Amino acid sequence: MPELPEVEVTRRGIVSHLEGHHFVGATLRNPSLRWPVPHDLGHTLRGLKINAVTRRGKYLLFDCGNGTLILHLGMSGSLRLLPAATPPQKHDHVDLILDTGMILRFKDPRRFGAVLWATGDVTHHALLAQLGPEPLTEAFDGRLLYERTRGRRASIKDVLMNSRIVVGIGNIYANEALFSTGISPLTPAGRISMRRYEKLAQAIKETLNLSIEAGGSSLRDFVNSDGSPGYFQQQYWVYQRNGQPCRKCGTAIEQTRQGQRSSFYCPHCQR
DNA sequence: AATCTTTCCTGCCGGC
DNA sequence: TGCCGGCAGGAAAGAT
């Protein structure tokens, strides 16, 4: 499922095919995603120049000057650049048609993704206005985590996955970064020291950057291929390794539940 | 066939 | 009392 690295790899894979070009329309086969795709999206986009393709958290933003196309991959979404005549397959819900003879095709079997149109300053859009800082910028560091968790009883894992505190950290990278720092996912966030938060923030940046680099190596396969960033075989330290030996100490990895999500951790390495 | 997956939203709770 | 932020739980759809 797409987390921040997958979204960023997708962005890098499509950006040179979009920026400076124009939309000529859109094809909506199934507009019922997380929210309805605007029925007149094709008319809205017609003739608009794509000035920039950026990312905010896990949202992709297509800046068209007087408006912005907002796209979220949800749990199962993917984007592919294809020749305009390519026949659609199952779950290919939306095509964004370009003036280059190519289309940007959105596939999303579970339909938790989103394709929306926003006018005005997109940073004020309801989906974006409340988001915390980007984890790969200087605005995110141990001090921010420390200050925003004073008095909080929620677990550190829940805090890392709270997009109001920091964006883009999903279940996989929350588990992996906590292992890397030796912090139990169950630890109350308000009881973690500044020193440990500085290590945790660094681990988050390193974990995300490594995944982006791994995905970047397969970028050439993005166009006219299966569209997957191609690094989902990545080796994890703890994620989905319950019952298997810890790669550092050999202790069996444990699985527990926080909210409705699974946490994986080494009971020896993480305290 | 129940379970698993992510994100946003709703509503409850305790504190002031 | 009423408001607030924090926090838990629910819903969406499809694969297995």
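So you know, we letter chains A, B, ... as the sequences are listed, proteins then strands, and number each from 1. What you see is a predicted model; the values in this text were computed from it and never measured.
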Exercise. Using purine N1 to pyrimidine N3 plus N6-O4 or O6-N4 for Watson-Crick, or N1-O2 and O6-N3 for G-U wobble, both under 3.5 Å, which nucleotide pairs with dA13(C)?
Worked result: dT5(B)
Exercise. Given atom CZ of R164(A) and atom P of dG5(C), what is their separation to the nearest angstrom?
Worked result: 9 Å
For this session: Whole angstrom is fine here: how far is it from CG in L33(A) over to P in dC8(B)?
Result: 15 Å
Problem set entry | E198(A) with R143(A): basic N within carboxylate O range, under 4.0 Å | no
Problem set entry | Nearest-Å distance for atom pair OH/P, residues Y59(A) and dT6(B) | 15 Å
For this session: Would you give the length of the straight line joining atom CZ of F23(A) to atom CG of L104(A), rounded to the nearest 0.5 angstrom?
Result: 7.0 Å
Problem set entry | Along DNA chain B (nearest heavy atom to each residue), the more 5'-positioned of S262(A) and L131(A) | S262(A)
Seminar exercise, completed: Here the pair of heavy atoms bringing A114(A) nearest to F106(A) is N-CZ, 4.5 Å
Problem set entry | Gap between atoms CH2 and C1', on W35(A) and dT6(B) respectively (whole Å) | 11 Å
For this session: Could you tell me whether E6(A) and K58(A) make a salt bridge, using a distance below 4.0 angstrom between a side-chain N and a carboxylate O?
Result: no
Problem set entry | Spacing of Q244(A) atom CD and Y236(A) atom OH [to the nearest 0.5 Å] | 13.5 Å
Problem set entry | Sequence-aligned protein contact record of nucleotides 6-16 of chain C, with B where the base is within under 4.0 Å of a protein heavy atom and S where only the sugar-phosphate is | SSSSB-BBBS-
For this session: Kindly confirm or rule out a cation-pi arrangement of R241(A) over Y239(A), judged by NZ or CZ under 6.0 Å from the six-membered ring centre and within 45° of its axis?
Result: no
Exercise. L127(A) has an atom CG; how far is it from atom P of dC8(B), in whole Å?
Worked result: 7 Å
